[in-house]
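Shown next, in structure tokens, is the structure this report addresses.
To find a chain, count down the sequence lines: A is the first, B the second, and so on, and within it residues start at 1.
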Amino acid sequence: MKNFVCVIFVMFATLAVAQVQGHLDVRTTVQKEEVVVNDAGEAEKRLVPAEVVVPGESVFYTITFTNVSAEPADNVVITNPIAEDLMYVEGSAFGPGMDILFSVDGGETFAAANELTVVEDGEVRNAEAADFTHVRWVMQNDLEVGAQGTARFAAVLE
Amino acid sequence: METANSEFASVFAWMRRISLLCLCCALSSPVGAVGTAVGTIIENTAVVSYDLAGTPLTLQSNTTTLAVAERVDVTVTLQSAQTPVAPGETGSALLFTVTNTGNGTETFQLSIDSLIAGDDFDPTPAVPGIYFDTDGSGDFNGGDQSYAPGTNDPDLLADESISIFIVNDIPAGVANGQTGRSELIATSATGAGVPGTVYAGLGDGGLNAVIGSTGGEALDTGEYLVSDVLVSVVKSQLVSDPFGGTEPVPGATLTYTIVVNVINAGTASASILRDVIPTFSTYVPNSITLNGGAISDLADTDDGEFDTSGAPTVVVRLGDLTLASGPQEVVFQAVID
């Protein structure tokens, strides 16, 4: 038990280190909802860091990226796989100034949600949230020097 | 500061929108589905590609890690149909299935409650009142082991089920047609409570256990029906001798008529009439009728046969009989040897 706690501690210590790798500073966080009672005695939902989850619980991924280089970055594309045990929450992907695309083939090809189809029992049908394997955000404009972008999505633990 | 505020506000607007979406997901997810196994680690890394001064580049984000904790859920499902009992009957069993619908291994405590509202009488739990279907027969019998709370509480793997009997005695004073209910309750040994309740460190592998949508406790209710059904059987015979008279002499034909009647409420299930041909007489082949319709002597798909495997016997299957069925008339013939 003691060892386990130590492993967790080391893991989060690692996460806390900023991932500055050259031109863009890219960070991912995962959160979940917690219901708290505010000063007025009302139940209020807030997002807290997710470390442990149970089946049926929703988690919220946020990817932030900042241009820390001296030049604008263009063709900025963020791709995030949806883990095998997670199911994408339909309509949850969000990113100001970005087009949102999905993959149903393990990240080989990407298209808008309503353009994707899958073959099931020999029949072609429209893809559903459960079919998505990756989410992709494509920035419409350049990421200027010092500018920050945010991409988010939610998923449910199966 | 203004930018930060608006960013903050947009996060919460997004959260509210997603909360609604998630609620829909939760409601539509299949009941009883077992989720991702306890201890599963879910990692996530985003990849960013971009061009800088015409050079394509790629970066990875940090990797986030989620550990899957135990969700405690259970269901109890009655397997027995409404069970007919007689007044004063002892040891009448109801069969249930208890299923661990959580994602970890869990121990369950079982209890019986026979003081249920909405019925006509309270069955009395036998002592002990709970048994495992040890031999897997689905029928309560001497080979089934009794349950002792705290001693042999069943441990179930995720998605595993176990068959359990609850056993009651029926009071002597109950009347025909009355019902009595009894229920089996299964409670997680880790704990039960409002869905979302966290039992820190009590889950598999020392992770948290979180109470799922079933509250970590489940029950189902079975029902006994007093079926003290009364059946009357009246047999009569006509003799017709070879000389046009009614003397029971050798060669005379005996025509037997048997009338079966249910005379109170209740059902006589799968009723079968068996009548042995008297000694010193011989059955007349193909003479059986039921309510005027012929029944062949062969053991085939009709409602009866002439059974010669032991003492020669007329067999007629009358099925489920109630007061509403009316009189069932079986006729057959024999000749005096």
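- Contact annotation for S213(B): neither backbone nor side-chain heavy atoms come within less than 4.5 Å of a heavy atom of chain A.
- Within the model, atoms CD of E57(A) and CG of L66(B) stand 9.5 Å from one another, a figure rounded to the nearest 0.5 Å.
- Atom-to-atom distance recorded for R71(B):CZ and L157(A):CG is 9.0 Å, nearest 0.5 angstrom.
- In terms of modelled atom types and a separation under 3.5 Å, the side chain of D51(B) and the main chain of D74(A) share no donor-acceptor contact.
- At a 4.5 Å heavy-atom cutoff, I82(A) makes no contact with chain B through either its backbone or its side chain.
- The part of V59(A) that comes within reach of chain B is its side chain, from C-beta onward, which places non-hydrogen atoms under 4.5 angstrom from that chain.
- Of the listed residues (V135(A), V53(A), D142(A), V52(A)), the greatest number of heavy-atom pairs within a distance under 4.5 Å of chain B belongs to V53(A).
- The closest side-chain heavy-atom distance from S69(A) to L52(B) is below 4.5 Å.
- No side-chain donor-acceptor contact under 3.5 Å links T64(B) to the backbone of V30(A).
- Rounded to the nearest 0.5 angstrom, N62(B) CG and T28(A) OG1 are separated by 5.0 Å.
- More than 12 heavy atoms of other shown residues, nucleotides or ligands fall within 6.0 angstrom of atom CD in Q140(A).
- Summarising the geometry, atom CD belonging to E158(A) is positioned 11.5 Å from atom OG1 belonging to T40(B); distances are rounded to the nearest 0.5 Å.
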Apply side-chain contact (heavy atoms from CB on, under 4.5 Å) to the pair V68(B) and V54(A), showing each step before the final yes or no. CA-CA 6 Å; V68(B) 177; V54(A) 294; 5.9 Å; no

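- For the set N67(A), I63(A), N80(A), the entry with the most heavy-atom pairs within less than 4.5 Å of chain B is N80(A).
- The two atoms that bring A83(A) and I42(B) nearest to each other are CB-CG2, 3.5 Å, heavy atoms only.
- Smallest separation of non-hydrogen atoms from I78(A) and A46(B): CG2-CB, 4.3 Å.
- Under a cut-off of 6.0 angstrom, the local environment of CD in E84(A) is sparse, with at most 12 non-hydrogen atoms contributed by other residues, nucleotides or ligands.
- In this structure, CG in N75(A) is found 11.5 Å from CG in L57(B), a value given to the nearest 0.5 Å.
- Once rounded to the nearest 0.5 Å, the distance linking OG of S49(B) with CG of L24(A) reads 10.0 Å.
- Shown here for A69(B) and P55(A), the closest heavy-atom pair between the two residues is O-CD, 4.0 Å.
- With a 4.5 Å cut-off on non-hydrogen atoms, T36(B) touches chain A through its backbone and its side chain both.
- The minimum heavy-atom distance linking N44(B) with P81(A) is given by the pair OD1-O, 3.3 Å.
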